[in-house]
Visitor: 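Can you read through this structure? Questions will come right after.
In this text the structure is predicted, and so the values were computed from the model without any measurement. Position 1 is the first residue of the sequence, and the numbers go up from there. Remember, it's 1-based here, ligands and their atoms both numbered in the order they're listed.
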Amino acid sequence: MKGLFLTLEGIDGAGKSSHIDALEALFKAQGRQVTRTREPGGTPLAETLRGMILEQPMDALTESLLVFAARRDHVVRVIEPALARGDVVLCDRFTDATFAYQGAGRGFDPAVLSTLEKWVQSDTEHATKGLLQPEITIWFDLAPEIAAERLAGARVPDKFESQPVEFFKRVAAGYAARAKDAPRFVRIDASQSREAVWQQIEAALAERGLVASQSGGAP
Ligand code: TYD
């Protein structure tokens, strides 16, 4: 079976994490092996880098280099081998987050990010048109004001979660700009109820032939 690389994206508080269990169950019910992972992270080295990225202040170039260093280790050790086995790779965030957070959010040069993206994602077995990219990206789109309300009081915020709403407005615009040119993006209206959001996700996967049929189960 051919591997499937699926990513979940959106601003903090958009609710993507609450659907990963259901996605895993959906693909397993179709007889697929699932590798569930996240970025920054997914390997011991990348998880160590994640702690630094989310906790320590640093300039945007340092942050981008660490994010892509973590990504390289993750691609080589986890994502590529899983795709070679024919797994569904469910990855909580990937390079779109770097363009949205470091690029649009922090105002870092997207041309440099594109160069790093090429270095990290081009010499891999599953690169198509020269670059390893997700086959489908589920983008949880939510107004930053609502996301901030959902996040408030939920837990101790990390470096990004404690940014002002203006930062998330830029991040959200970054996602929208990236989605505009990439048909792999599926926009989910994340302002709806959890069940309605799940139905949008299932419908999008069925429409693209990535799951056999809609099973109808809410998470
Ligand atoms: P997140 O995925 O929201 O995990 P959790 O649900 O455990 O908080 O947190 C990861 C944070 O890292 C998020 O604020 C976005 C940020 N991030 C970047 O800034 N750049 C990146 O390239 C990636 C992958 C994440």
Visitor: Report yes if some N/O of Arg71 lies less than 3.5 Å from some N/O of ligand 1; otherwise report no.
Guide: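 Yes; at least one N/O pair falls below 3.5 Å.
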Visitor: If the cut-off is 4.0 Å to any non-hydrogen atom of Phe160, which atoms of ligand 1 fall inside it?
Guide: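 Answer, ordered by atom number: 12 (O), 14 (O), 16 (C), 19 (O).
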Visitor: Look at atom 7 (O) of ligand 1 and say which protein heavy atom is nearest, naming residue and atom and giving the distance to 0.1 Å.
Guide: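 The closest heavy atom on the protein side is Arg50 NH2, 3.2 Å.
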Visitor: For atom 20 (N) of ligand 1, what is the closest protein heavy atom, and at what distance to 0.1 Å?
Guide: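 Ranked first by proximity to atom 20 (N) of ligand 1 is Gln102 OE1, 2.8 Å.
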Visitor: Of all the atoms in ligand 1, which lie at a distance below 4.0 Å from a heavy atom belonging to Glu39?
Guide: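 Going through ligand 1 atom by atom, the ones under 4.0 Å from Glu39 are 24 (C).
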Visitor: Pairs of nitrogen or oxygen atoms closer than 3.5 Å, one from Thr98 and one from ligand 1: do any exist?
Guide: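 Thr98 vs ligand 1: N/O contact under 3.5 Å present.
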Visitor: Using the side-chain hydrogen bond (donor to acceptor under 3.5 Å, both in side chains) definition, which of the options Thr137, Thr95, Asp96 pairs with Thr7?
Guide: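 Among the candidates, only Thr137 passes.
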Visitor: To check your reading of the model: name the closest protein heavy atom to atom 23 (C) of ligand 1, its residue, and the distance in Å.
Guide: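 Ranked first by proximity to atom 23 (C) of ligand 1 is Ala97 CB, 3.6 Å.
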Visitor: Salt bridge or not for Arg36 and Asp21, using N-O below 4.0 Å?
Guide: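 Yes.
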Visitor: In the protein, what heavy atom is nearest to atom 25 (C) of ligand 1, and what distance, to one decimal place, separates them?
Guide: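 Going by distance alone, atom 25 (C) of ligand 1 is nearest to Pro40 CD, 3.5 Å.
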Visitor: How would you list all residue pairs meeting salt bridge (Lys or Arg N to Asp or Glu O under 4.0 Å) that involve residues 41-61, not counting sequence neighbours?
Guide: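 Matches after skipping sequence neighbours: Arg38-Glu47.
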Visitor: Would you say Gln133 and Glu117 are linked by a side-chain donor-acceptor pair, where the criterion is simply a distance under 3.5 Å?
Guide: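 Short answer, yes.
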Visitor: Which heavy atom of the protein is the closest neighbour of atom 12 (O) of ligand 1, given with residue, atom name and distance?
Guide: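 Here the closest protein heavy atom is Leu54 CD2, 3.4 Å.
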Visitor: Give the atom numbers and elements of ligand 1 that come within less than 4.0 Å of a heavy atom of Glu161.
Guide: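 Near Glu161, meaning under 4.0 Å from one of its heavy atoms, ligand 1 has 8 (O).
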Visitor: Give me the nearest non-hydrogen protein atom to atom 1 (P) of ligand 1 as residue plus atom name, then the distance to 0.1 Å.
Guide: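 The protein heavy atom lying closest is Arg93 NE, 3.5 Å.
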Visitor: Under a 4.0 Å threshold between the charged nitrogen and the carboxylate oxygen, would Glu63 count as salt-bridged to Arg106?
Guide: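 Salt bridge between Arg106 and Glu63, a charged N being under 4.0 Å from a carboxylate O: yes.
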Visitor: So that I can tick it off, tell me whether Glu135 and Arg208 are bridged by a salt bridge, with the cut-off set at under 4.0 angstrom between side-chain N and carboxylate O.
Guide: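 Salt bridge: no.
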Visitor: Does at least one non-hydrogen atom of Lys16 fall below 4.0 angstrom from an atom of ligand 1?
Guide: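 Yes, that is the case, since the closest heavy atom of the residue is under 4.0 Å from the ligand.
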Visitor: Starting from atom 6 (O) of ligand 1, find the nearest protein heavy-atom neighbour and note its residue, name and distance.
Guide: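 That would be Arg155 NH2, 3.6 Å.
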Visitor: Does a side-chain N-to-carboxylate-O contact under 4.0 Å join Glu166 and Arg170?
Guide: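 So Glu166 does not pair with Arg170 through a salt bridge.
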Visitor: For Gln192, look at atom CD and say whether over 12 heavy atoms of other residues, nucleotides or ligands are found less than 6.0 Å away.
Guide: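 Counting other residues, nucleotides and ligands, CD of Gln192 exceeds 12 neighbours.
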Visitor: Can you list the atoms of ligand 1 that are under 4.0 Å from a heavy atom of Asp12?
Guide: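 This gives 3 (O), 13 (C), 14 (O) as the contact atoms.
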Visitor: Any ring-ring contact (aromatic ring centres under 6.0 Å, His included) pairs touching residues 44-96, not counting sequence neighbours?
Guide: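 Non-adjacent pairs meeting ring-ring contact (aromatic ring centres under 6.0 Å, His included): Phe5-Phe94.
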